[in-house]
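Okay, so here's the structure we're looking at.
Numbers restart at 1 for each chain; the letters A, B, ... are given by sequence-line order, proteins then strands.
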Amino acid sequence: MTAPAASAAPAAPAGQAFLNDVQVLAERDFKRSFSKVALFGTVVQPLVFFGIFYATFSGMLADKGIDYGPSVTPTLVVQALMFIAIASAMALATDRGSGLFNRLRTMPISSSALGAARLLTVAVEAVISTVVIALVAHLAGFRFHEGPLAAIGFLLVAVLFTMALAAVTATLGLTVRSQEALAACLYLPYLPLLVVSTGFVPANLFPGWLQPVVNVSPVSAVVEALRALSDSSTGTGRVWPALVWCAGLILLCGWTTARAFRKVTK
Amino acid sequence: MAEAAIEIDRLRKSFGPKAAVDDVSFSVAAGTVVGLLGPNGAGKTTVINCLTTLLTPDSGTARLAGHDVTTDPAGVRASVAVTGQFAAVDETLTGRENLVFFGRLLRLTRTGASARAAELLDQFGLSEAGDMPAGHYSGGMRRRLDLAASLVVPRPILVLDEPTTGLDPRSRQALWDAVRRLARDGMAILLTTQYLEEADALAERIVVIDEGRVIAEGTPKELKKDVGGSVCEVQISDAGDRARATGALAGFVGVKERDDVLVVPMRGTDELSAIVRALDGAALKADDIAVHPPTLNDVFFALTKDHRGSEGPAFDTGEGRS
Ligand SMILES: Nc1ncnc2c1ncn2[C@@H]1O[C@H](COP(=O)(O)OP(=O)(O)OP(=O)(O)O)[C@@H](O)[C@H]1O
Ligand SMILES: [Mg+2]
C-alpha cells in the first residue's frame with residue numbers, strides 16, 4: 001500500500017469544496033436517474049398516463065365543449081412531478097439502507113451539499129419530464145398561448161413544485177424506517193391529492209362538502225398556475241397561490257428534513 | 001504531538017434507559033493499532049459511531065487528531081476514515097465507480113481518483129470485478145471494496161468496525177498486512193473485533209468491553225496471562241469411561257466436563273504428554289484429543305466471572321475459521 005498517511009484531505013476553499021461535492025454527488029444521482037428503470041418512471045410512465053387519459057376522456061368531453069388535451073396536460077405534469085418526488089425519497093431510503101448515507105455523513109462533506117445535490121437532481125428530472133410531456137401534449141393540442149416567458153414560468157413552477165414535494169418526501173424518507181412503510185406513506189396520498197383537486201374536474205362539480213378541500217389543495221393551486229401559464233383564457237394572477245404553497249412547503253419541510261437528517265442513525 | 005490521535009474520556013451514550021456505552025475511556029496513539037473487543041451488543045459500534053460523529057455522546061469527550069467530536073465534528077470528519085460494520089457502497093455503481101466517487105468527494109481530481117481506484121482495486125484483488133456493479137459482488141468482495149473505499153485518501157486515523165467478518169482467510173491475511181503497513185506508516189488505527197486471534201495478530205493494546213463498560217485493558221500478552229494457558233479437550237463418548245477418566249485426571253487442576261468432553265487447563269505444553277500418560281495408565285482411549293489456545297470465549301469467561309456472575313455470554317469464538 002502506498003500510503004502517505006497523516007495527510008488529511010487537502011483543504012480547499014469552502015465554496016469550491018461545496019461546489020465540488022454537489023457536482024460529484026449530483027453526478028452519481030444523475031447516473032441513477034438515467035438508468036432504464038428510472039427513465040421508465042420519469043418519461044415512459046407519464047406518457048402512458050397521458051395516452052390513457054386522453055384516449056378515454058377527450059371524446060367524451062369534446063361533446064361538452066371542453067378541449068381536454070390542453071386542460072389535462074398540467075395535471076399530468078403534476079402527476080409526473082409527484083412520481084419524481086416519490087422516487088427521490090425512495091433513493092434516499094436506499095442509500096440509508098445500504099449504509100452509504102452513513103458513510104457520507106462520516107466524510108468531510110457538508111450536509112447542505114447532500115441536500116443541494118438531491119434538489120439539483122429532482123430539478124433536472126422535473127425539467128425532463130415536463131418537457132417530454134409538453135412535447136407529446138402538443139399532439140393533443142396543448143400550446144403555450146402566453147408566449148415564451150410564460151413557458152419558462154411554466155417550467156419554473158414545475159421545478160419549484162418538485163423541490164417542494166421532494167422536501168416533503170425527504171422528511172418521510174429520512175424518518176420512516178422500513179422501506180415498505182415508506183412506499184405506503186408515499187404512494188397512498190398521491191392519488192387522493194391528485195383527484196381531489198381541480199386537475200381532472202372543476203371545483204364546482206365536486207360535492208359541496210369537498211369543495212373547500214379542492215379549493216385549498218396545493219395540487220389545485222399548482223395545476224391552476226400551470227394552466228394560467230399556458231392557456232390564454234385564464235389570468236396569470238392565478239400563479240401566486242402556487243408560489244406561496246411551494247415557498248411555504250420548501251421552508252417548512254426544508255426545516256423538518258434538516259431535523260430528520262440530524263436524527264438519522266443507521 | 002503530546003496528545004494521542006484518539007482520546008476518549010468517560011464516554012457515555014444511552015438509548016432510552018439503557019446505557020449502550022457507559023464510562024468508556026482509552027486512547028490510541030499514532031502509529032499503533034488498538035483492538036476494541038467485545039461480544040454482540042457490548043457497545044463497540046456505539047463507541048465507533050460516537051467517534052465518527054454519527055452519534056452525539058451523552059457525556060464525556062472524544063478527541064480525534066485534536067478535534068472534539070461534539071464541538072468540531074467537521075474537523076473530526078476530515079481526519080478520520082471509517083469502515084462501518086456493514087458494507088456501505090452504492091450497489092448500482094461498479095466497484096471502480098464507487099472508489100472514484102469517494103475519491104472525488106475527498107477532493108481528488110477526476111484523473112487522480114481514477115488512478116487511485118485502479119491501484120486499490122488491484123491491491124484488494126478486485127481488478128477483474130472492478131467494472132461490475134457492486135450489487136453483484138459477493139459479501140466478501142463488497143467488504144473489500146468497502147475497506148478500499150476508506151483508504152482512497154489516507155487520513156491520520158482509521159476506524160474499522162469488524163473489518164474481517166465475512167472475509168476468507170486469504171483476504172483476511174491481506175487486510176491484516178494492510179493494517180500493519182498503515183500503522184507502520186504512522187496511522188492510528190482502532191478496530192473492533194470479536195476474535196481474540198485478530199486482536200492478537202494486530203493490536204498493540206486491547207480494550208475489552210461488555211455491556212458498555214471497559215472490563216479489561218492491556219497488551220494481548222497481559223490479557224492472555226489473565227486467562228491462563230491453552231486447554232486440552234479430551235472427548236470420550238462413553239459415560240462410564242468418561243467418569244473413570246475424570247478420576248485418572250484428578251491430578252490436574254480445574255478439570256471441567258462439557259457434554260462428552262473433559263476440558264483440562266494446561267500450564268505448559270509438557271502437560272499434554274502427562275494427560276496422555278494418565279489416560280494410558282487407566283487403559284482409556286479418547287475418541288479425540290485437541291489442544292486449544294485461549295479463545296476470546298475463555299478470555300471472556302475469565303474476565304466476566306466477577307463482572308456478571310457465572311453466566312457468560314454465548315458468542316462466536318472464531319474457532320474453525322482458519
Ligand atoms: N440506534 C439504537 N437505538 C437503540 N438501541 C441501540 C441503538 N444502537 C445500539 N443500541 C443498543 O446498544 C447496545 C450496544 O450496541 P452496539 O451496536 O454498539 O453493539 P456491538 O458491540 O457493536 O455489537 P455487535 O458485535 O453485535 O456489532 C445494544 O444493546 C443495542 O441494542
Ligand atoms: Mg457492532
Side-chain angles (χ1 to χ4, degrees), chain A residues 1-38 90-114 117 261-266, chain B residues 5 30-31 45 49 51-56 65 74-93 97-98 100-108 113 119-120 123 134-135 146 149-151 153-159 177-178 181-188:
Chain A
M1 195 160 308
T2 52
S7 75
Q16 201 179 320
F18 176 80
L19 288 182
N20 171 73
D21 294 349
V22 173
Q23 187 193 346
V24 176
L25 291 165
E27 267 179 41
R28 178 185 79 101
D29 283 332
F30 287 164
K31 223 172 269 175
R32 205 157 38 173
S33 313
F34 289 97
S35 70
K36 280 196 204 95
V37 182
M90 296 304 280
L92 265 183
T94 305
D95 284 348
R96 257 179 85 195
S98 72
L100 188 83
F101 196 71
N102 271 352
R103 163 162 253 147
L104 293 176
R105 289 175 62 223
T106 64
M107 290 172 71
I109 308 166
S110 72
S111 53
S112 40
L114 287 170
F261 180 86
R262 280 195 294 273
K263 276 198 176 168
V264 177
T265 40
K266 171 136 170 250
Chain B
T45 300
N49 285 347
L51 296 185
T52 57
T53 72
L54 287 177
L55 288 175
T56 315
V76 172
R77 291 186 199 119
S79 326
V80 187
V82 197
T83 295
Q85 184 166 2
F86 304 101
V89 293
D90 185 329
E91 307 201 335
T92 57
L93 298 184
E97 287 168 340
N98 265 295
V100 171
F101 171 64
F102 292 121
R104 291 183 62 206
L105 282 178
L106 292 165
R107 323 277 194 266
L108 293 182
E119 210 173 286
L120 285 166
Q123 199 181 310
D146 198 43
S150 353
L151 298 174
V153 175
R155 275 148 285 169
I157 300 173
L158 179 63
V159 172
D177 292 344
R181 243 188 333 261
L182 290 166
R184 209 169 46 225
D185 288 346
M187 234 183 228

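- Heavy-atom distances place the side chain of B/Leu93, and not its backbone, under 4.5 Å from chain A.
- When heavy atoms are compared at a cutoff of 4.5 Å, B/Ala87 approaches chain A solely by way of its backbone atoms N, CA, C and O.
- Note: A/Phe101 CZ to A/Thr94 OG1 = 12.0 Å, rounded to the nearest 0.5 Å.
- Residue B/Asp177 does not touch chain A at all, counting heavy-atom pairs closer than 4.5 Å.
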- Query: After noting the C-alpha distance and the side-chain angles of A/Phe261 and A/Leu92, does the key distance pass the side-chain contact (heavy atoms from CB on, under 4.5 Å) rule?
  - Reply: CA-CA 11 Å; A/Phe261 180 86; A/Leu92 265 183; over 6 Å; no
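- With respect to chain A, the highest number of heavy-atom pairs below 4.5 Å among B/Asp90, B/Thr52, B/Val159 belongs to B/Asp90.
- Residue contact with chain A, scored on non-hydrogen atoms closer than 4.5 Å, is absent for B/Gln85.
- Rounded to the nearest 0.5 angstrom, A/Leu100 CG and A/Arg105 CZ are separated by 12.0 Å.
- Contact annotation for A/Asp21: both backbone and side-chain heavy atoms come within less than 4.5 Å of a heavy atom of chain B.
- No side-chain donor from either of B/Ser150 and B/Arg155 sits under 3.5 Å from a side-chain acceptor of the other.
- Ranking A/Arg28, A/Arg103, A/Lys31, A/Arg32 against chain B, the residue ahead of the rest is A/Arg103, based on heavy-atom pairs under 4.5 Å.
- Annotation: maximal heavy-atom pairing with chain A below 4.5 Å, among B/Leu158, B/Asn98, B/Val89, occurs at B/Val89.
- Rounded to the nearest 0.5 angstrom, A/Leu104 CG and A/Thr106 OG1 are separated by 7.5 Å.
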- Could you walk me through whether A/Glu27 and A/Gln23 pass the side-chain contact (heavy atoms from CB on, under 4.5 Å) test, one step at a time? CA-CA 6 Å; A/Glu27 267 179 41; A/Gln23 187 193 346; 3.2 Å; yes
